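Keep in mind that this is a model prediction, so the values were computed, not measured. Quick note: residue numbers are just sequence positions, from 1. Hydrogens, waters and symmetry mates are skipped; everything else that's a heavy atom, side chains included, is used.
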Amino acid sequence: MKMMYVIIIFSVLSLIVSIPFLWNFLIPFIGTVKRLTGNRRKDKLIDKRMNRFAVVTCARDEAAVIGKLLDSLGSQDYPRELYDIYVIADNCTDDKTAEQALLHGAYVLSRFDKTRVGKGYALKWGFEKIFSEYPEKYDAVCVFDADNLADKGFLSAMNDSINCGADGAQGYRRSSNPHDSIVSGCYEIYWMMINRFQNLARHELGMSCLFSGTGFVIRSEYVKNGGWSTDTITEDTEFSVENIIKGRRIHMAEKAVFYDEQPTLWGVSVTQRFRWMFGAMQCALKIFNGELKKKTADHRRINLHTVDMYMWLLSVPAMAVMLFIEPARIMLLFLGGYTAMGIMSLMLSLMSFPVISLFSCILVVCCKESIKRMWKSALIYPVFVLPMAFMALLSLFRKKLEWKPIRHKNTKSLTDMKL
């Protein structure tokens, strides 16, 4: 009887910890159903102005790839006099990145700081430089990574989002090298899911999306005068959280397509995804510690947007805790003599692998990708995504993580993306 009480306690704990997972399933499910039934959200233009953009990218020794990004930005179907391109050459070890940036028509801001290392610090420094010189010149700031490629309609689509009343907007991310390896194919599937079931689904419900590191726009007023002030290793998540708490809306700009180079090796991929989970855990802990509450004390309001944001953020520590609770619950079922229930629970856990693989295959087909070229990645996708729970667990015990750049070498142009 005592064992049954223990099992009940663990089952209740499992249900409580599952609340963020349930929320993050229901919201995308409802939003996706709304979208598929043809009842799509139609954002209304409240302004017809042509906004001025500062397009900013951080680059550390990215001479091999940055020229392609700048070429794609220079060929936008948006009036060239309405946007300027800035490259923050951040702690570069040679002059080639700056040289390439100048050759391709960008303004170069060179930064050297070995103590505050990372993209978040570089952007803060760059924004301060730009707006100290041009305090009223730009209506919005667009952020890219050096390995990106921007579709020619990117800025026009972002301009529409701003004119529809958005405070910021996230672009539609695609992989520039999905067929280079199984790993890069897994990333393409991962971003398909983020685009369709996180951002687009939330947008359909009138909720805020989160910035995903690159390919996003934010109104200038929110990054001026220290508005960009992040110190976690995932500056995009932290900045998104702060703005959503303040009641600002982040749209999903479906037509603002851009391409992003993905790692092709498992080792590099593990390093990157551990950084994501560590940064998300940092943000979650900042919520619990009240640091973000202090930064947004005058604006913080509990509404659907903030609850959604909290639930999304809580899913990271929930993954870590679930790795303790669920195996313990299954083991207790066997030890307590409830073999049938234990086998059923174990089978349900193991079924996640084939279910995720099948879903990945269906998603590839729905996104009109060639399943012949993606089937290996689709089948191996559970092995790609499920270990992130263990990364979340490790993040609970890791106090600090050094930011390290990922080297890029993909020299494909925007023309190659259309082939």
Check side chain to side chain donor-acceptor pair (under 3.5 Å) between Gln76 and all other residues, then give those that pass, not counting sequence neighbours.
-> none

Scan residues 345-356 for pairs that pass salt bridge (charged side-chain N to carboxylate O under 4.0 Å, His left out), counting only residues two or more places apart or in two chains.
-> none

Set of salt bridge (charged side-chain N to carboxylate O under 4.0 Å, His left out) partners for Arg196, sequence neighbours left out | none

Show me the side-chain donor-acceptor pairs of residues 126-136 shorter than 3.5 Å, one per line, residues at least two apart or across chains.
| residue | atom | partner | partner atom | Å |
| --- | --- | --- | --- | --- |
| Glu128 | OE2 | Lys124 | NZ | 3.3 |
| Ser132 | OG | Glu128 | O | 3.0 |
| Ser132 | OG | Lys129 | O | 2.8 |

Among all residues two or more places apart in sequence or in another chain, which pass the side chain to side chain contact (heavy atoms under 4.5 Å, CB included) test with Gln282?
-> Thr232, Ile233, Phe278

In a table with atom names and distances, give each donor-acceptor pair under 3.5 Å that connects a side chain of residues 380-394 to protein atoms at least two apart or in another chain.
none

Report the residues that fulfil salt bridge (charged side-chain N to carboxylate O under 4.0 Å, His left out) with Arg80, sequence neighbours left out, ordered by chain and then residue number.
-> none

Please name all residues satisfying side chain to side chain donor-acceptor pair (under 3.5 Å) with Lys137, sequence neighbours left out, ordered by chain then number.
-> Asp84

What pairs with Asp139 under side chain to side chain contact (heavy atoms under 4.5 Å, CB included), at least two apart in sequence or on another chain?
-> Arg49, Asn51, Arg52

Those residues at least two apart in sequence (or on a different chain) that pass side chain to side chain donor-acceptor pair (under 3.5 Å) with Ser72 are none

Applying salt bridge (charged side-chain N to carboxylate O under 4.0 Å, His left out), name anything that partners Arg111, two or more places apart in sequence or on another chain.
-> Asp90, Asp113

Main-chain N/O of Gly67 paired with Glu62 side-chain donor or acceptor, under 3.5 Å = no

Among all residues two or more places apart in sequence or in another chain, which pass the salt bridge (charged side-chain N to carboxylate O under 4.0 Å, His left out) test with Asp43?
-> Arg41

